[in-house]
Amino acid sequence: MRKSKMILAALLAAALVCLLAACIGLWLFLRSGMPDYLFFRVPFAFLDHEKAGWLVLAENLLMLTFWAFIGAQAAGLCRKRRKK
């Protein structure tokens, strides 16, 4: 019983970390103006050459984490609906 509570607590902590990363990714997505690029309101994208390469990579991975989180949640909802 005690071991299952520890596993549940670890899963909850991991879920919270993933949710935090997804929220940061959404904030970065909106802050960088990506919706304008997505809906072609901006003719072309400029690369920011003043940022460090590792920072650009980290920001892009966090934005990807947001979309992966949304996809996982949508898949979970579809599975629940199919079971009903």
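No hydrogens, no waters, no symmetry mates; every other heavy atom, side chains included, goes into these values.
Linking Ile, Leu, Val, Met, Phe, Trp and Tyr residues whenever their side-chain heavy atoms come within less than 4.5 Å places I70 and M63 in a single cluster. Taking hydrophobic clusters as Ile, Leu, Val, Met, Phe, Trp and Tyr residues chained together by side-chain heavy-atom distances below 4.5 Å, L38 shares a cluster with F66. Both M34 and L26 belong to a common hydrophobic cluster when Ile, Leu, Val, Met, Phe, Trp and Tyr are linked at side-chain heavy-atom distances under 4.5 angstrom. Cluster annotation: I24 is not connected to V56 through the hydrophobic network of ILVMFWY side chains, with a link wherever side-chain heavy atoms come within less than 4.5 Å. Linking ILVMFWY residues whenever their side-chain heavy atoms come closer than 4.5 Å, directly or via other members, places V42 and F39 in the same cluster.
Across T65 and A22, no two heavy atoms sit closer than the pair CG2-N, 4.1 Å.
Atoms CG and CD, from L19 and Q73 in turn, are 8.5 Å apart once rounded to the nearest 0.5 Å. With values rounded to the nearest 0.5 angstrom, W67 atom CH2 is found 5.0 Å from F29 atom CZ. In this structure, CG on L57 lies 10.5 Å from CG on L64, to the nearest 0.5 angstrom. Separating the CD1 atom in I7 from the CG atom in L12 is a distance of 13.5 Å, to the nearest 0.5 Å. The distance from atom CG of L62 to atom SG of C23, rounded to the nearest 0.5 Å, is 11.0 Å. One distance of note links CG of L28 with CG of L61; it measures 11.0 Å at 0.5 Å rounding.
The local environment of CZ in R81 is sparse, with at most 12 non-hydrogen atoms from other residues, nucleotides or ligands closer than 6.0 Å.
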